[in-house]
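Throughout, protein chains are lettered first and strands after them, A, B, ... in sequence-line order, and every chain is numbered starting at 1.
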Amino acid sequence: MLLAGRPPVLGLYRLSTTDMIAALKLTLLLLALAFSQGQQHNYIDELDEEAGTVRAVQASQYVSLWPLPQKVKISDISFKLTSFNIVDAKESSAGPSCSLLQDAYRRYYEYMFGSAKRQGPRKSRRTGPSELTKLQVWITSPDSECDGYPSVTSDESYELSVDLPYAVLKAPKVWGALHGLETFSQLVYEDEYGAKSINSTAISDFPRFAHRGILLDSSRHFLPLKVILANLETMAMNKFNVFHWHIVDDQSFPYLSRTFPQLSQQGAYHPYTHVYTPADVKMVIEFGRLRGIRVIPEFDTPGHTQSWGKGQKDLLTPCYSGSKPSGSFGPVNPILNTTYDFMSQFFKEISTVFPDAYVHLGGDEVDFTCWKSNPDIQKFMDQQGYGDDYKKLESFYIQKLLDIVTTTHKGYIIWQEVFDNGVKLKPDTLIHVWKGNQEQYQSEMANVTSAGYQTLLSTPWYLNRISYGQDWRGHYKADPQDFNGTEEQKKLVIGGEACLWGEYVDATNLTPRLWPRASAVAERLWSAKEVTDISDAFNRLSVHRCRMVARGIPAEPLFSSYCPREYKGI
Amino acid sequence: MCNIEVMCIGSFGRYTRPKCNLILLIILQLGLHTVEGVWPLPQSFTSSTERYPLNPNAFYFGYGRQSAAQQDCSVLDAAFKRYFSLIFPDYTSGYGVLRFSGDKPFTVEIRVDHADCDSYPNENSSERYNLSVSAGQASLNAETVWGALRGLETFSQLVYQDDFGTYFVNKTEIDDFPRFQFRAILLDTSRHYLPVQAILKTLDAMAYSKFNVFHWHIVDDPSFPYQSRTFPDLSSKGAFHPMTHIYTQSDVRRVISHARLWGIRVLPEFDSPGHTQSWGKGQSDLLTPCYRGSTPSGTFGPVNPVLPSTYQFMARLFKEVSSVFPDSYIHLGGDEVDFSCWKSNPDVRAFMQKMGFGGDFTKLEAFYMEKIVNITSALNKTSIVWQDVFDYHERIPKDTVLHIWKGTPASYKEELSRMTKAGMRVLLAAPWYINHIAYGQDWRNYYTVQPLNFSGTEEQKKLVIGGEVCMWGEYVDATNLTPRLWPRASAAAERLWSDEKQTSSVDEAFPRLQDFRCKLVRRGIRAEPLHVGHCKHEYQGV
């Protein structure tokens with residue numbers, strides 16, 4: 001929708017690199033978005049940037065599709081979109097009562113045609129031969145899942161055919177239809193005067209990985225609801241399907257618990273202005289559901305819990321200096337029965353508030369010094385015969401916690417340390433890999449999968465870590481299945497997550513810091529493994545970022561250039 | 001839970017001013033804040049715990065009887081209007097206005113020595129002020145209206161609200177003036193176009209940190225958004241888009257007049273002979289045709305220094321620029337000239353021969369820059385050039401200001417020494433390339449710069465007229481400009497305004513800067529956080 005014209009390229013492309021390079025040579029450069037040669041005062045750039053990097057934004061044969069669909073065929077036959085509607089196909093199993101789809105139709109109509117008045121079908125007016133008047137959305141399986149929640153096994157596939165007499169979007173479930181609508185909207189482009197067109201296109205698409213997540217941290221800084229919702233919206237534009245809500249941590253406890261309201265009353269930055277009420281949480285979940293996004297909450301224990309202690313007495317371990325309590329507190333106290341009573345009640349609430357089948361239980365970075373200092377803990381260690389091995393105590397805690405969560409009929413995700421420390425885990429546990437350099441995380445992925453566990457990768461995608469220049473290229477190159485292992489092991493990799501930890505991020509800078517850098521991760525997790533041409537990615541991503549900007553999302557630039565519609569906020 | 005921490009710290013002037021009293025900072029855990037300080041730190045600051053409630057319905061700005069400026073002073077009248085809303089952020093929304101019938105009126109009385117209300121701030125403008133807050137009134141005295149603006153900013157930062165929304169100001173005495181006369185922010189509107197709104201918002205935020213020069217790097221290689229009256233083709237062919245990505249004459253006037261009302265000078269940069277690719281699109285024969293062997297390759301290099309038409313063009317362009325931009329300084333660039341295209345061109349080589357430059361292309365650049373500097377001198381403008389020009393050519397006119405942008409601390413200190421020894425005035429930007437981002441609290445590096453810590457005499461040190469924070473535009477546009485700039489630029493602002501001895505501790509600055517960044521957020525500036533924590537009023541946009 002942002003291009004003034006488009007390259008007339010014919011043919012079906014199985015996505016091999018040689019094809020892409022060959023096709024690029026044929027591609028007419030109808031639009032050069034950027035022209036940039038000099039690098040004033042950026043001597044650092046010369047060190048940072050790779051030689052031979054294509055700097056100017058050029059037109060990709062796939063125009064502005066992001067993430068790139070599995071199979072695309074775009075022809076140079078174009079249709080005008082002057083009087084256009086999105087409608088349910090007669091055969092569809094989801095009709096007008098499916099508000100999820102009706103909502104999505106309106107959303108995408110507005111993205112494509114802006115505030116332009118919706119044009120009803122005008123019968124008197126003859127449409128020209130090259131005019132496309134509607135997109136039919138056809139949910140093909142008997143259960144559309146319209147009123148359900150997306151899950152890790154949801155079918156997200158779709159097929160899109162843009163041709164006369166009308167375009168058809170076929171998907172087994174509503175989840176695929178949502179992705180197909182996004183793709184359709186990415187095919188629409190406009191000329192200099194705002195007239196919209198779309199080319200005849202055939203797309204068949206499905207995700208490479210089932211779990212494609214974004215982690216936001218609402219503890220180190222509180223994130224107003226608006227910011228979270230805007231990012232769910234942007235996630236949908238990038239076909240992400242999991243919002244990992246790292247909702248509480250040491251710094252603050254903004255989750256308002258019905259069972260233990262004092263947790264946020266005492267543990268939030270402010271008990272009224274810096275909390276998420278049950279209604280807020282519901283809104284996030286429903287807003288996510290309407291976009292095919294799962295909301296997985298993380299309640300990280302036994303470490304990262306300083307804020308919990310403010311509202312729940314005796315939950316944390318009192319640290320000692322010498323023979324006296326020092327007044328400070330450590331991780332959750334694993335030796336008291338009251339701890340487990342509390343956790344049972346708390347996670348019972350969580351299991352009803354959050355509909356997803358999974359909950360993230362954290363388990364990372366437990367500091368043992370406080371446990372070591374506490375005489376009661378030392379006594380308990382002796383009784384249990386743990387010696388000095390505090391990992392055993394951690395395992396003891398985690399195992400009890402996992403048993404508790406199992407009774408709520410939830411599956412769980414845990415950070416890699418829990419696996420590293422040899423805690424007994426249910427076979428369907430998801431292990432979340434976040435540590436180390438490339439070599440280390442790849443060997444961790446190999447270890448986790450050879451033990452038969454499913455895994456998620458985040459290490460290369462800590463987007464809170466910023467540096468000067470185009471770091472998205474590094475994020476783009478990382479591949480979660482790139483480790484030594486069998487085909488069976490590779491299948492246990494169900495996806496990955498981009499993490500935006502909150503030390504230096506709040507509502508003021510979250511969105512431009514996350515987008516379009518997270519978009520690089522989105523394509524890695526959605527598109528075929530062979531989609532690795534970084535200069536083609538640069539061209540498509542540049543247009544995709546301008547599309548996000550045109551939709552009101554302050555996604556930051558990749559390099560010197562411009563968007564036809566610049567960001568209007570300030 | 002109402003955990004009250006009371007801590008005593010030395011007053012801000014404790015290193016140099018024995019007369020200062022201890023002040024109390026009372027921090028309630030619920031984010032209730034009292035006076036946590038002013039940013040940048042005033043030169044002399046004394047405050048007591050005695051405080052006075054302020055009622056927006058009984059709050060006035062007034063002109064003192066001896067003030068040279070009176071009603072209808074455009075700069076101050078506009079400032080009163082702005083600062084009323086900044087001082088009472090709840091007032092217009094009608095929230096938190098508690099009326100205590102017992103509240104006495106409070107007046108801020110301004111007295112200035114010169115009624116320079118309709119002029120522009122310039123390099124000699126005094127920004128000194130003193131501010132005395134007592135029961136029922138504050139007296140703000142300044143030599144110029146520009147000093148009064150700085151004092152109003154300080155006053156607005158002294159006002160705070162308690163948990164119930166009541167406004168207070170403490171008894172305070174301030175005597176303040178800037179350490180450096182030139183405290184600038186550079187924005188680059190060529191690598192990305194910045195909508196006028198984004199520029200105006202930046203000017204607002206600059207005033208909150210007491211910056212006083214907007215260095216507008218308006219054109220460069222990627223685009224030429226300045227719409228010239230004399231040469232309209234420059235933007236119609238050289239801008240990213242000839243209609244939507246340009247600055248019209250009225251846009252430029254709007255920026256200049258907005259800046260004036262905040263006491264900010266607008267310094268335009270038209271960088272040449274390098275960084276001019278976009279100029280060539282709308283002005284044929286301006287750039288040097290590059291050759292491959294004996295034929296032109298179709299690409300172009302820097303401005304062609306051998307054609308008389310080049311200088312005719314430049315004279316007309318700078319004549320226009322000097323009338324559009326009222327400031328008496330113009331930035332001429334002169335950096336990073338790539339000689340390879342000049343070398344390839346037979347006409348340039350012939351010219352070199354004729355001039356006796358041999359193979360030394362720095363002489364050709366010096367020849368060019370000298371002609372451009374002469375053009376601007378003839379227009380009664382003072383030139384600023386990037387350091388490259390001095391590095392090539394030590395005998396440039398003495399009133400030219402040199403702008404240091406390169407190198408490590410060791411090398412820019414060396415450059416400061418050399419330039420000031422040659423008697424040249426200098427601006428320092430090298431340590432404040434704020435477009436270079438890194439993970440963590442890099443503001444600490446910007447804060448701990450010591451601009452005068454180089455070997456040289458007292459006379460030499462006086463030639464350092466100030467510093468500049470540069471936000472080059474490769475990776476920055478309206479989507480991320482504000483959070484990248486603020487509050488990181490504020491760290492440099494304090495270095496350039498405040499006394500270095502009083503502000504030598506970055507850890508003591510930290511809580512005050514955190515508080516200041518929340519003030520920026522409250523004022524609608526998307527200033528990013530320094531570290532974990534919260535603001536009472538978080539940013540409400542997306």
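Contacts between E503(A) and chain B at a heavy-atom distance below 4.5 Å involve backbone atoms as well as side-chain atoms. With a threshold of 4.5 angstrom between heavy atoms, L481(B) does not approach chain A through any atom at all. Looking at C470(B), neither its backbone nor its side chain comes within 4.5 Å of chain A, counting heavy atoms on both sides.
One finds the CD atom of Q441(B) at 5.0 Å from the OH atom of Y504(A) (value rounded to the nearest 0.5 Å). To the nearest 0.5 Å, the span separating CZ on F222(A) from SG on C535(B) amounts to 13.0 Å. In this structure, C563(A) SG and H245(B) NE2 are separated by 7.0 Å, a value rounded to the nearest 0.5 Å. Distance check, rounded to the nearest 0.5 Å: CZ of F240(B) to OG of S560(A) gives 6.5 Å.
Chain B forms the most heavy-atom pairs under 4.5 Å with one residue out of N231(A), N464(A), I553(A), and that residue is N464(A).
A 6.0 Å sphere centred on OH of Y439(B) holds more than 12 heavy atoms belonging to other residues, nucleotides or ligands. Counting non-hydrogen atoms of neighbouring residues, nucleotides and ligands closer than 6.0 angstrom, the CZ atom of R254(B) reaches no more than 12 such neighbours.
Shown here for N509(A) and P483(B), the closest heavy-atom pair between the two residues is CB-CB, 3.6 Å. Of all the heavy atoms in V505(A) and P529(B), the pair that sits closest is N-CG, 3.8 Å. Contact record, T479(B) with Y567(A): CG2-CB, 3.6 Å, taken as the closest heavy-atom pair. When all heavy atoms are compared, the tightest approach of P224(A) to Y539(B) is CG-O, 3.8 Å.
Side-chain contact check for E192(A) and H241(B): at least one donor-acceptor pair (N or O, by modelled atom type) lies under 3.5 Å. The closest side-chain donor-acceptor pair between H192(B) and E566(A), if any, does not fall under 3.5 angstrom.
Salt bridge status for D477(B) with R545(A): present, with a side-chain N to carboxylate O gap under 4.0 Å.
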Please walk me through it: do E538(B) and H274(A) pass side-chain hydrogen bond (donor to acceptor under 3.5 Å, both in side chains)? CA-CA 9 Å; E538(B) 301 288 359; H274(A) 288 61; 2.8 Å; yes
If you apply the rule side-chain contact (heavy atoms from CB on, under 4.5 Å), what do you find for E528(B) with R513(A), and how did you get there? CA-CA 11 Å; E528(B) 67 179 19; R513(A) 196 161 281 198; 3.1 Å; yes
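For H436(B) and Y468(A), the gap between ring centers is short of 6.0 Å.
Remark: the backbone N or O of G541(B) is not paired with any side-chain donor or acceptor of K226(A) at under 3.5 angstrom. Of the possible donor and acceptor atoms, one in the side chain of H221(A) sits under 3.5 Å from a partner among the backbone N and O of H531(B).
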